[in-house]
2 protein chains.
Amino acid sequence: MTERAPLSRPRVLRAAVDLADEIGIDAVSMRRLALELGVVPMALYKHVANKDDLLEGMVDTLLGELEPPLTDAHWKTAVRERVLSARRALQRHPWARQALESRTTKTPTVLGYMDSMIGMFLAGGFSADLTHHVMHAFGSRMWGLTQEIFDDSATPSPPPDEATFAQLAAAFPNVANMAVSASHDPDSVVGDGCDDQFEFEFALDLLLDGFEALKERGWSSRLARG
Amino acid sequence: MTERAPLSRPRVLRAAVDLADEIGIDAVSMRRLALELGVVPMALYKHVANKDDLLEGMVDTLLGELEPPLTDAHWKTAVRERVLSARRALQRHPWARQALESRTTKTPTVLGYMDSMIGMFLAGGFSADLTHHVMHAFGSRMWGLTQEIFDDSATPSPPPDEATFAQLAAAFPNVANMAVSASHDPDSVVGDGCDDQFEFEFALDLLLDGFEALKERGWSSRLARG
DNA sequence: ACCTGAACACCGTTCAAGT
DNA sequence: ACCTGAACACCGTTCAAGT
């Protein structure tokens with residue numbers, strides 16, 4: 001678009017993020033990105049080492065947009081708000097989940113986020129030991145990411161016809177029962193399946209309450225391992 | 001290998017699974033797979049619609065290997081054992097996580113697994129409403145998958161030198177503290193970071209205990225939404 | 001009707017030739 | 001020294017030509 005500004009790593013990454021938002025992460029190629037920037041493909045290699053580095057930079061760009069943590073709040077509030085705020089930011093970029101989860105290297109931005117979250121637990125009175133396990137149990141939900149294989153909100157884009165549904169219901173009665181009861185719940189959006197945000201907060205609070213209970217019980221991995 | 005047996009969908013999928021185990025999922029291409037089977041690439045298209053269908057079939061093949069659920073066990077035991085058994089099966093195929101999570105379509109095998117798991121909760125006295133939310137909260141951990149962005153067991157393949165570590169520790173004191181305390185724990189494998197299986201079971205039991213508490217409290221989404 | 005070689009429209013990245 | 005066009009070694013998939 002602004003094809004004549006000089007290339008720089010931030011500008012390349014920003015363009016890549018915008019392009020991924022527009023055409024999806026799978027369609028983002030070095031060549032396509034170069035085209036978008038009005039530049040020859042090889043010019044990108046001055047600013048990113050390779051495609052993997054590009055991906056990493058894109059993730060970092062996104063994480064750089066996250067709101068800073070609350071200070072002086074109870075650990076539970078601080079963690080909860082941080083996670084929900086990260087969720088709001090990442091949800092604007094549907095490809096973020098895949099990109100974040102496929103990256104294994106921890107950039108400074110990633111480490112910074114984790115560091116501040118660990119800090120919240122420690123400040124809240126969690127032992128280092130418990131904090132460690134709690135961080136593992138938190139998993140990628142710490143980033144506000146939903147971790148479901150089966151997204152039933154996306155399931156029946158075309159609602160199945162009667163016969164197909166009957167067949168499905170016969171083979172998988174419990175799944176059918178669940179789908180029907182979810183649709184019949186007046187609080188959920190009929191047809192659209194589930195309320196993602198409600199489900200996320202349900203799981204988040206379940207975890208946070210669990211963490212709290214362990215802390216208050218004085219849980220330690222040494223005791224747990226017997 | 002057994003290049004002269006006639007091609008069939010199961011044989012194609014089995015070969016793809018073995019190939020993925022061997023060279024990694026990213027290196028599995030239609031062309032590479034065809035080579036492995038001693039066949040021209042286009043011959044595969046008689047048995048799989050396209051590469052996406054191949055991936056789906058590979059996942060299904062894996063899930064077909066899962067042990068059947070326990071019968072006549074307490075819901076918590078039944079769910080726990082099923083998940084841990086799925087974990088054992090999927091861990092033999094490191095690419096399974098990515099493949100499962102990138103698939104959005106629910107094959108009969110996937111639906112069958114979910115159906116039986118829903119059935120375990122219902123049989124255990126969970127309401128349909130609670131079961132629904134519990135399944136969402138369970139997420140991909142239901143498949144025995146670990147859902148962590150930050151795999152600290154894989155982190156320091158080359159242990160960082162003193163100076164690098166000091167620099168890291170200065171920037172991310174809490175992360176450093178966590179890493180050190182984990183390494184100093186005599187029960188954990190020093191240097192190798194964390195015990196994945198322990199962390200998985202920790203999170204699993206945290207969730208199961210949380211589910212149980214909600215059930216006993218008579219939790220309902222109607223109450224929760226106020 | 002079945003099968004398949006060649007072709008199409010892409011990839012990421014190397015490298016040597018140009019300025 | 002910097003930049004880049006062409007080339008290399010791949011992709012998934014279409015399609016027309018062969019049997």
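Just so we're on the same page: letters track the sequence lines, and every chain starts at 1.
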Practice task
Dot-bracket notation for DNA chain D is requested: 5' to 3', Watson-Crick or G-U wobble pairs only, both distances under 3.5 Å, with ( ), [ ], | and . as defined.
Solution key: ||.|||||...|||||.||
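Between chain B and DNA chain D, the heavy-atom contact criterion of under 4.0 Å yields a 5' to 3' nucleotide range of D:dC11 to D:dC15.
With sequence neighbours left out, the side-chain hydrogen bond (donor to acceptor under 3.5 Å, both in side chains) criterion links B:S102 to no other residue.
Residues A:D21 and A:W95 have side chains that bring a donor and an acceptor to within less than 3.5 angstrom of each other.
Put simply, the side chain of B:L206 does not reach to within 4.5 Å of the side chain of A:V134, judged on heavy atoms.
In this structure, A:M30 reaches the sugar-phosphate backbone alone: every heavy-atom distance under 4.0 Å involves primed, P, OP1 or OP2 atoms, never a base.
Using a 4.0 Å cut-off between a side-chain N of Lys or Arg and a carboxylate O of Asp or Glu, B:D52 and B:R103 qualify as a salt bridge. Salt-bridge check for A:E67 with A:R82: failed, with every basic side-chain N at 4.0 Å or more from each acidic carboxylate O. Between A:R14 and A:E65 there is a salt bridge, with a side-chain nitrogen of the basic residue lying less than 4.0 Å from a carboxylate oxygen of the acidic one.
With hydrogens and angles disregarded, a donor-acceptor distance shorter than 3.5 Å links the side chain of A:D115 to the backbone of B:N174.
Comparing the P positions of D:dC8 and C:dG18 gives an interatomic distance of 16 Å, to the nearest angstrom.
Comparing A:Y45 and B:V40 by the nucleotide of DNA chain C whose heavy atom lies nearest to each, the residue mapping closer to the 5' end is B:V40.
How far CE of A:M117 is from CG of A:L122: 12.0 Å, rounded to the nearest 0.5 Å.
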